[in-house]
Amino acid sequence: MVNVAHAVPQVPRIGLLGGGFMGRVHSRAARSAGAVLDSVSASSPTRSEEVAAELGFGRPSSGTELFERSLDVIHICTPNDVHAAQSLQALDAGANIICEKPLATNSSDARAVLARAEEAGLLGTVPFVYRYHPMVREARARFREGRAGTLLTVDAGYLQDWLLGSGDENWRVDSERGGPSRAFADIGSHLVDLIEFIVGDRISSLVATTRTVHPRRGGSAVTTEDTVAVTVEFSGGAIGSLLVSQLAPGRKNGLTVEIAGTEASMRFEQERPEQLWFGQRADSRLLVRDPDSLSADAARLCKVPAGHPQGYQDAFNAFVADSYALFAGEQREGVPVLADGLRALLITEAVLKSAEHRSWVEVESL
């Protein structure tokens, strides 16, 4: 439960750290939720002024000034290496946080953030926003109702091509800024969160292999992975295979999860978010997003009528609206909180450890 002394108002005043792509996504979602866009801090004073004007924030700010503005919520959309430190600063300033993943570059720092939030009576969320596609919620509801039976297998992948060439560069490639894992921490974390969210079971152990296909980019050595293959075991006995790559030509955001149970299978593809394939031995169907025929939780997230497509920004908007509601003391189903951010880091660390030792690894508990 939220500490009432720290519960935020229904119309929160927010600050934003970071003015890149994710900062723009967060700001649109915040505006959609009715927040007051108070202040923004980007990479320099000049850039902060540009971002404030572009995104409609009341004022540009330095990071230090932003923490002094008694904000209700601070959105952290900066490079990975400063996530934990800025989260702690925001919590110490009395603000709830929405921190981009990874929550930190290691699980120890993530635990420190979680502990500080609990001590302060504050809350935080992490944008595992693919949970907010209505057809993901439908898959989750059907699985939990027993319509797929007992989980047997999971076949899942997350494929992109934006770092395909050796000349493709981004700050995430640098382990000093992005952390020891790139492909898995960046997109594999979304994949495992989505799987566990749908099936309600935990990955208990895994064996992984990674590849750094381009050992140098732009003249600099690369130590983070381009591709990852993982075999997983679940606490309930199911098994699965995961493939993660940022070097898959033609795949822009190919996040796919297929689960098979004793009674039915379900398949969700993020690039076709309006659909859910539901397969049984005698009957397979392609379900489409229609609030009149979906579970209550899925229908709640349908913001436009059937036949009018919803997408990524809609999912992000719903996530931010639910985060603000949670911070205000309301109950919301399926919000990814700080513990979920820590969970993703524990799986990422298990993947790296397994790849290094070429052996099965148990995933550490929260």
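Quick caveat: nothing in here was measured; it's all calculated off a predicted structure.
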Please determine, by modelled atom types, if [X] and [Y] share a side-chain donor-acceptor pair under 3.5 angstrom.
X: Glu269; Y: Thr256; result: no
X: Asp186; Y: Gln160; result: no
X: Glu233; Y: Ser205; result: yes
X: Glu225; Y: Ser181; result: yes
X: Ser61; Y: Ser39; result: no

Is there side-chain contact between [X] and [Y], with at least one heavy-atom pair below 4.5 Å?
X: Phe21; Y: Cys77; result: no
X: Arg267; Y: Leu286; result: no
X: His190; Y: Lys101; result: yes
X: Tyr130; Y: Asn253; result: yes
X: Val232; Y: Ile195; result: no
X: Leu17; Y: Phe67; result: yes
X: Asp72; Y: Phe327; result: no
X: Val192; Y: Thr348; result: no

Within a radius of less than 6.0 Å around [atom1] of [X], do more than 12 heavy atoms belonging to other residues, nucleotides or ligands occur?
X: Arg217; atom1: CZ; result: yes
X: Gln313; atom1: CD; result: yes
X: Leu366; atom1: CG; result: yes

May I ask you to decide if [Y]'s main-chain N or O and [X]'s side chain share a donor-acceptor pair within less than 3.5 Å?
X: Arg13; Y: Ser70; answer: yes
X: Asp168; Y: Leu164; answer: yes
X: Asp38; Y: Gly15; answer: no
X: Arg140; Y: Phe197; answer: yes
X: Ser48; Y: Pro60; answer: no
X: Asp109; Y: Ala104; answer: no
X: Ser354; Y: Val351; answer: no
X: Thr262; Y: Thr150; answer: yes
X: His83; Y: Pro102; answer: yes
X: Arg47; Y: Ala42; answer: no

Atom [atom1] of [X] and atom [atom2] of [Y]: how far apart are they, to the nearest 0.5 Å?
X: Ile259; Y: Ser265; atom1: CD1; atom2: OG; result: 8.0 Å
X: Asp201; Y: Ile198; atom1: CG; atom2: CD1; result: 13.0 Å
X: Asp161; Y: Lys252; atom1: CG; atom2: NZ; result: 3.5 Å
X: Thr125; Y: Leu338; atom1: OG1; atom2: CG; result: 7.5 Å

- Task: Could you give me the CA-CA distance, side-chain angles and deciding distance for Arg111 and Glu349, then say whether salt bridge (charged side-chain N to carboxylate O under 4.0 Å, His left out) is met?
- Result: CA-CA 14 Å; Arg111 288 187 188 278; Glu349 290 179 344; over 6 Å; no
Return the minimal non-hydrogen interatomic distance between [X] and [Y], and the atom names on each side.
X: Val244; Y: Gly188; answer: CG2-CA, 3.9 Å
X: Leu91; Y: Ala117; answer: CD1-N, 3.8 Å
X: Ala299; Y: Pro291; answer: CB-O, 3.6 Å
X: Leu191; Y: Ala156; answer: CD1-CB, 3.8 Å
X: Ala110; Y: Leu345; answer: CB-CD1, 3.4 Å
X: Ile14; Y: Ala30; answer: CD1-CB, 3.5 Å

Below 4.0 angstrom, N of the basic side chain to O of the carboxylate: do [X] and [Y] qualify?
X: Glu65; Y: Arg69; answer: no
X: Arg202; Y: Glu196; answer: yes
X: Asp340; Y: Arg343; answer: no
X: Glu271; Y: Arg251; answer: yes

- Message: Using a 6.0 Å distance limit plus a 45 degree cone around the ring axis, check whether Arg131 lies over the aromatic ring of Phe319.
- Response: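 Arg131 over Phe319 ring: no.
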[X] and [Y]: same hydrophobic cluster, using ILVMFWY side-chain contacts below 4.5 Å?
X: Leu352; Y: Leu242; result: no
X: Phe278; Y: Val199; result: yes
X: Val154; Y: Phe143; result: yes
X: Val257; Y: Trp277; result: no
X: Val126; Y: Val82; result: no

- Could you check whether the rings of Tyr312 and Phe316 sit parallel, tilted or perpendicular, using 30° and 60° as the cut-offs?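 It falls in the perpendicular class, over 60°.
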- Please report the C-alpha distance between Leu346 and Leu342 in whole Å, then the side-chain angles of each, then the deciding distance to 0.1 Å, and finally whether the side-chain contact (heavy atoms from CB on, under 4.5 Å) criterion is met. CA-CA 6 Å; Leu346 293 173; Leu342 171 59; 4.2 Å; yes
- Message: Consider side-chain hydrogen bond (donor to acceptor under 3.5 Å, both in side chains). Of His133, Glu138, Gln275, Glu274, which one does Arg289 pass it with?
- Response: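 In the set His133, Glu138, Gln275, Glu274, the residue that makes a side-chain hydrogen bond (donor to acceptor under 3.5 Å, both in side chains) with Arg289 is Glu274.
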- Do Leu287 and Arg142 pass the side-chain contact (heavy atoms from CB on, under 4.5 Å) test, and can you show the C-alpha distance, the side-chain angles, and the key distance before you say yes or no? CA-CA 12 Å; Leu287 308 175; Arg142 286 174 177 248; 3.4 Å; yes
With side chain to side chain contact (heavy atoms under 4.5 Å, CB included) as the test, pick out the partner of [X] among [options].
X: Phe268; options: Gln270, Arg272, Met266; result: Gln270
X: Val222; options: Arg216, Arg182, His214; result: Arg182
X: Arg177; options: Asp81, Asn170, Thr78; result: Asp81

- Task: Please assess Asn317 against Tyr132 for the test side-chain contact (heavy atoms from CB on, under 4.5 Å), listing each intermediate value before the final yes or no.
- Result: CA-CA 9 Å; Asn317 292 356; Tyr132 278 85; over 6 Å; no
- Checking side-chain contact (heavy atoms from CB on, under 4.5 Å) for the pair Met135/Gln310: CA distance, chi angles, key distance, verdict? CA-CA 11 Å; Met135 301 314 286; Gln310 291 185 205; over 6 Å; no
